[in-house]
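Throughout, protein chains are lettered first and strands after them, A, B, ... in sequence-line order, and every chain is numbered starting at 1. Being a predicted model, the structure only gives us computed values, none of them experimental.
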2 protein chains.
Amino acid sequence: MASARTPRTADDGSGSRRKSSTAATLGDVATHAGVSPATVSRVLAGNYPVSRSARQRVLRSIRELNYVANTHARALAGVQTKTIAFVLADVRGPSFAEAAHGVEQEAARLGWLCLIGTTQGDRERELAIVRLMREQRAGAVVLIGGVADADDYNEQMTELAYSLRAAGSLLVLCGRPPLATGVPAAVIGYDNEEGAYAITSHVLAQGHRRILFLGGEERHTTSLGRLEGYSRALNTFGVEFDPSLVEHGVFTRASGYQLTKKRLTGARDFTAVFAATDVMAAGVYAAVNEAGLSVPDDISIVGYDDIELAQDLRPRMTSVHVPYEELGRTAAKVAADEDHKREDWPGLQVTLKTHVVVRDSVARLD
Amino acid sequence: MASARTPRTADDGSGSRRKSSTAATLGDVATHAGVSPATVSRVLAGNYPVSRSARQRVLRSIRELNYVANTHARALAGVQTKTIAFVLADVRGPSFAEAAHGVEQEAARLGWLCLIGTTQGDRERELAIVRLMREQRAGAVVLIGGVADADDYNEQMTELAYSLRAAGSLLVLCGRPPLATGVPAAVIGYDNEEGAYAITSHVLAQGHRRILFLGGEERHTTSLGRLEGYSRALNTFGVEFDPSLVEHGVFTRASGYQLTKKRLTGARDFTAVFAATDVMAAGVYAAVNEAGLSVPDDISIVGYDDIELAQDLRPRMTSVHVPYEELGRTAAKVAADEDHKREDWPGLQVTLKTHVVVRDSVARLD
DNA sequence: ATGAAAGCGCTAACAA
DNA sequence: TTGTTAGCGCTTTCAT
């Protein structure tokens, strides 16, 4: 049991404040246990037979030295790191936060770490971050939320999907449309069109015919999907789609407020507002209230996402519930699943259900 | 210009979908530029003289090969990674999200990456995560939000502060009290006591004398600080502190709702409620409304944090504004600042200002 | 079942 | 100014 290096104890129990000695390495554990580094590595990986006695000694040394493997050394030696990178536009969006929470929860449960990056909705920045995450050898990169659609962007993202896959990693698209078929990425989504169709139908069923649609950026996939559902519902009810009833802004309270305020000056040519997100809808409420109008007597309002806020607005807002947390959890599960590394992995597409939650923000028109 | 390895181009321009070849390494760049690896490393680090011509060739090769340094190799070679780890209880808390956003923004601006971990308010998990982040060689670890106070916990965290510092990293406490003096950690905070004092004084000045305080966990530092301010204000106004007017729960809407509901059954012995967070206050509103009572005519309500929600509640809620985003930004700045690595770094404590935002949720009592 | 040794990509001390 | 070389801590053949 030769010992070239002095084993470094993690705590000398002296209780005195001192700089902790540098952390124990695998080599230290090996020395301490009287085995070779390879053996320690083997018991750690558990992918190779090790004698009972050796294993026990190693385990004991690990405990005593308070050993924790160095992730970087591992990564360098070629092992995929158990970190899942997720990138979103802004952590402050409640629905994003919900999804992020789902990812984080599930990742933690599986013993994975989370890297996070935000893009402020900037496509270039998003691409840059995904590249960065690839260099970090993230085990998977999860993209949360829609994007403003664009061809060259899609092309670059597709390229990244392939390159991630080649590196043993995986691109997970969460809450946004798939790339072209055959591209090796997992897609976890919900149906924007369907939910929008359902809630618009609900409004129409209450007798409304002029419904103002407040969307995000014009080419934003989420906004687009919701607009389509809105439009299809009109169609079903035999109401002609009026482009002048569609406004584009961004997914913030301020934007919802401004857009509404603008439409409220002059003749009012709508009886209801469908805000593409609940956060925007909060701005609609504010503008309507400020104009001295009442919800829903003067104007009905519906949103999308069903975040907690929907219950705090007065009157409580009717909205489309999206299982964001579940979305995130699923993404993490897929990311952590080794299955996608198989040569013949067929790709994966999951679509979660949404449903309308009816509250008190839509008046019946007779 | 010998070339043992075939230089690997990043893009063959063929436009066809193919697995990207494995990424170029520093060695590839060296070969391509006809210099030694050391030279490449030098131009990258910029900490050593390199001839103009060599530098230019290297830079060009880097561009052509699309080279990006491997973080893990760097970390292993002993360089601090430019990643700032931040750990908080739950990304879904709006004020946390705000702070997280601040950290993320500033970090990105400085070219740093963010690692995130959540604890669900569990101290053990928090310690475990901080240890993990240390193993990840994070350049700094930022702890956001209060914790339930406990001696042994403080001791372990102190130990971690030293060990982080020894590893060239830094512990940043954000929105929580300092550890013992002399402990090498940065503290970025705001004054919970002061803000609570101010808003309670405001309520008292409106004539209220029986104010229900709804706090979080009993030993939670944030809750504690706010309770102290509440208590001092009572004292200033010559009102005796009544322990039966203090309830403890957790910082969620549901908790605020339940606590209020409980206090609303039977004789009502308070005219105002001070919820320790806005999110809890939303629950208070809900319970009060549900009991058929009116805010502020029957019951006045104030919160703390001044998140966006405060403006969406009706009537709009009076609250204490906390510059969370600024808090996060400051934390990131401090974390990224090399200054703290100096041997004689004196430690750092920043305290941000809060202020009361008066809205419509407090009635004047005469 | 176990150990020796090479190598992952980078940095830094030492030579030249 | 530049190159050579020895690690950083781990995994993984290849021997034994």
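Where B:His72 and B:Arg42 each meet DNA chain C at their nearest nucleotide, the meeting point lying more 5' is that of B:His72. Along DNA chain D, the nucleotide closest to A:Ala45 and the one closest to B:Arg137 are compared, and the more 5′ of them pairs with B:Arg137.
At the heavy-atom level, B:Val35 lies under 4.0 Å from the strands shown only through sugar-phosphate atoms. Backbone-only engagement by B:Thr39 is indicated by non-hydrogen atom pairs under 4.0 Å involving sugar-phosphate atoms exclusively. Contact annotation for A:Ala69: backbone-only contact, meaning every heavy-atom pair under 4.0 Å involves sugar-phosphate atoms and none involves a base. B:Ala54 comes within 4.0 angstrom of the backbone, heavy atoms only, and of no base.
Listed by chain and residue number, A:Val43, A:Arg55, A:Ile62, A:Arg63 satisfy the side chain to side chain contact (heavy atoms under 4.5 Å, CB included) test with A:Leu59 (two or more places apart in sequence, or in another chain).
If you take CD of B:Gln136 and P of D:dC10, they are 13 Å apart, rounded to a whole angstrom. Rounded to whole Å, the distance from CG on A:Leu26 to C1' on C:dC8 is 15 Å. In this structure, A:Asp28 places its CG atom 11 Å from P of D:dC8, rounding to the nearest Å. Rounded to whole angstrom, the span from the CG atom of A:Leu44 across to the P atom of D:dT12 amounts to 12 Å. Taking atom CG on A:Leu76 and atom P on C:dC10, their separation rounds to 9 Å, with Å as the unit. Rounded to an integer number of Å, the gap from CD1 of B:Ile62 to C1' of C:dC10 is 13 Å. The nearest whole Å value for the distance from the CG atom in B:Asn70 to the C1' atom in C:dT11 is 13 Å.
Between A:Glu126 and A:Arg123, no side-chain nitrogen of the basic residue sits less than 4.0 Å from a carboxylate oxygen of the acidic one, so the salt-bridge criterion is not met.
Remark: the backbone N or O of B:Thr118 is paired with a side-chain donor or acceptor of A:Glu104 at under 3.5 angstrom.
Side-chain proximity of A:Ala38 to the nucleotides C:dA12, D:dT11, C:dA4 is greatest for C:dA4. Comparing C:dA4, C:dA1, D:dC10 against the side chain of A:Ser36 picks out C:dA4 as the nearest.
Under 4.0 angstrom from either OP1 or OP2 of D:dT1 there lies no side-chain N or O belonging to B:Ser51. Phosphate contact (OP1/OP2 of D:dC14, side-chain N/O of A:Tyr48, threshold under 4.0 Å): absent.
Rounded to 10 degrees, the angle separating the terminal helix axes of the helix from C:dA1-D:dT16 to C:dA16-D:dT1, each built from five base pairs, is 40°.
Remark: B:Arg342 CZ is packed, more than 12 non-hydrogen atoms of other residues, nucleotides or ligands lying under 6.0 Å away. B:Asn47 CG: more than 12 foreign heavy atoms inside a 6.0 Å radius.
When only modelled atom types and interatomic distance are considered, B:Arg131 and B:Gln156 share a side-chain donor-acceptor pair under 3.5 Å.
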Check your understanding: Could you go step by step and tell me if A:Ser163 and A:Arg134 meet the side-chain hydrogen bond (donor to acceptor under 3.5 Å, both in side chains) rule?
Key -> CA-CA 8 Å; A:Ser163 113; A:Arg134 165 164 46 98; 2.9 Å; yes
